[in-house]
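Just follow the structure's listing: the first ligand is 1, and inside any ligand the first atom is 1. Computation of the quantities below employed the complete heavy-atom set of this structure, encompassing side-chain atoms and omitting hydrogens, waters and symmetry-equivalent molecules.
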Amino acid sequence: MDKNINLETIDEVRAEALRELQDISSLSKLDEWRVSYLGRNGSLTNILRKLGSVPLENRRQIGATANQAKLLLEEKLDHHRNLLANAKTSSESEDDVLDVTLPGWPLSNGNLHPSTKMLREITKAFSSMGFQVQEGPEIEWDRYNFDLLNIPSDHPARDMWDTLWLDYTDKHGNTPMLLRTHTSPMQARIMENAKPPIRVLVPGKCYRYEATDSTHEWQFFQVEGLAIGEGITFAELKGTLYEFVRCIFGDERKIRFRCDFFPFVEPGVDMSISNFVDPETGKRPIDYNQDWIEILGAGMVHPNVLKNIGYDPDVYSGFAFGMGVERIAMLKYGIDDIRLFYSNDLRFLEQF
Ligand code: PHE
């Protein structure tokens, strides 16, 4: 700074400061301005500091002018700071007002649950073969879930289905209501209310009193199939199921039938299909050591069941099958844990 402090220097500094101040529109710039004029090393501060070197005769006047300039700049600083602060709050409150020109939030469309999708695919495959679709109650009587299906209360086969019983006691002291353990009770309900020929498909939720693990859930979907008529044979059952597997899995997968026992069919079988091989890795994501995975139980409707409903087994015959929907989805898409279906994890659900 000029050693010779005079009135002009002070005027210049003041004028320059006021000019700069006009263009300042942010608090941070305002602070820079303050530092450069009024700060410890600011131009006006330096003038004041050097007043001592001004010849005595001028000192009074120059000192007074410099102090006035300082007061003026401080006053302008406060004023400008208030201006900026007010401008800020008013623009903030404008932000609260709805700005219709802003881009909107994208609406995320939901998609169907993989169980529902699989269920619909299965239903479609069977409707193309002439099956009608009918649903039934999830809370069922013991009579339909077991008795009419040739599983009386003392039958050891009841152990096959771990049952969730309902807290309801009839006048004989029995607890005859339960959450259906399979969709098979609908076999009896349909036969009671229809006349052959019957070709019905029953999709629905089932429940079992079971510990869960990667292949067992206590709630799951089943699809039951029932065909009753005159002269229906096991060949028709096999043909129907072959066609079903072809519709869902394509021509690639193989099918295997083995003898199995279900009290309401005779003969009874279970059907397995060849395991899923991931086309990209050539590996099996589930059950690595298993070549075959069981997907359903089936068989020819037991004569006792026909009799229980009042059908003459010498005239009518038929087949029935029941399959687990989630298991089929697991096999189709290579899902390794059935619990994913009911854990509501969007990272899983959004893949379908
Ligand atoms: N209801 C049987 C089960 O849940 C499956 C089945 C249905 C078997 C129809 C035979 C005939 O295990």
Side-chain angles (χ1 to χ4, degrees), residues 115 119 122-123 126 131 133-138 140-152 155-164 178-191 198-210 215-229 232-234 236-241 244-245 255-273 293-306 308-309 311 313 316-328 330 338:
S115 299
L119 207 60
I122 296 171
T123 317
F126 283 104
F131 281 77
V133 176
Q134 193 177 334
E135 290 181 318
E138 289 175 24
E140 193 47 287
W141 298 101
D142 177 339
R143 179 177 140 79
Y144 286 101
N145 199 81
F146 293 126
D147 289 338
L148 287 172
L149 295 174
N150 205 25
I151 320 170
H155 198 293
R158 283 206 178 202
D159 290 347
M160 286 167 77
W161 295 277
D162 299 299
T163 309
L164 287 156
L178 45 83
L179 290 180
R180 68 176 169 193
T181 59
H182 49 180
T183 38
S184 300
M186 280 304 286
Q187 290 187 26
R189 284 185 179 270
I190 289 164
M191 284 192 263
I198 294 170
R199 254 185 301 181
V200 184
L201 202 70
V202 186
K205 198 78 174 284
C206 305
Y207 304 86
R208 288 193 195 165
Y209 183 58
E210 258 184 325
T215 51
H216 294 88
E217 251 294 350
W218 66 272
Q219 51 173 338
F220 52 91
F221 277 99
Q222 274 197 345
V223 171
E224 189 86 8
L226 177 72
I228 305 280
I232 292 188
T233 68
F234 198 87
E236 270 118 345
L237 169 61
K238 279 177 83 175
T240 307
L241 293 178
F244 155 69
V245 172
I255 302 166
R256 181 182 76 178
F257 288 98
R258 283 188 314 185
C259 288
D260 202 346
F261 172 76
F262 300 96
F264 36 93
V265 286
E266 181 58 38
V269 290
D270 61 54
M271 189 181 93
S272 305
I273 72 166
I293 311 266
E294 194 183 311
I295 58 165
L296 59 83
M300 301 306 290
V301 177
H302 198 290
N304 285 353
V305 175
L306 294 171
N308 285 342
I309 312 290
Y311 285 19
Y316 296 112
S317 62
F319 63 76
F321 56 82
M323 65 184 84
V325 174
E326 287 84 1
R327 283 211 173 176
I328 292 175
M330 287 168 82
I338 197 169

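- With sequence neighbours excluded, the residues that form a side chain to side chain contact (heavy atoms under 4.5 Å, CB included) with Phe234 are Leu237, Lys238, Pro267, Val269, Met300.
- Below 30°, between 30° and 60°, or above 60°: for Phe262 and Phe264 the angle between ring planes is between 30° and 60°, a tilted geometry.
- The closest donor-acceptor contact from the side chain of Asn308 to the backbone of Leu148 lies under 3.5 Å.
- Residues of the protein with a heavy atom under 4.0 Å from ligand 1 are Trp161, His182, Ser184, Gln187, Arg208, Gln222, Glu224, Phe262, Phe264, Val265, Gly297, Ala298, Ala320, Phe321, Gly322, listed by chain and number.
- Sorted by first and then second residue, the pairs that involve residues 258-271 and meet salt bridge (Lys or Arg N to Asp or Glu O under 4.0 Å), not counting sequence neighbours, are Arg258-Asp270.
- By the ring-ring contact (aromatic ring centres under 6.0 Å, His included) test, Tyr144 is found to be paired with no residue, residues two or more places apart in sequence or in another chain being considered.
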Hey, mind stepping through Arg158 and Thr181 against side chain to side chain contact (heavy atoms under 4.5 Å, CB included) and telling me if it holds? CA-CA 10 Å; Arg158 283 206 178 202; Thr181 59; over 6 Å; no
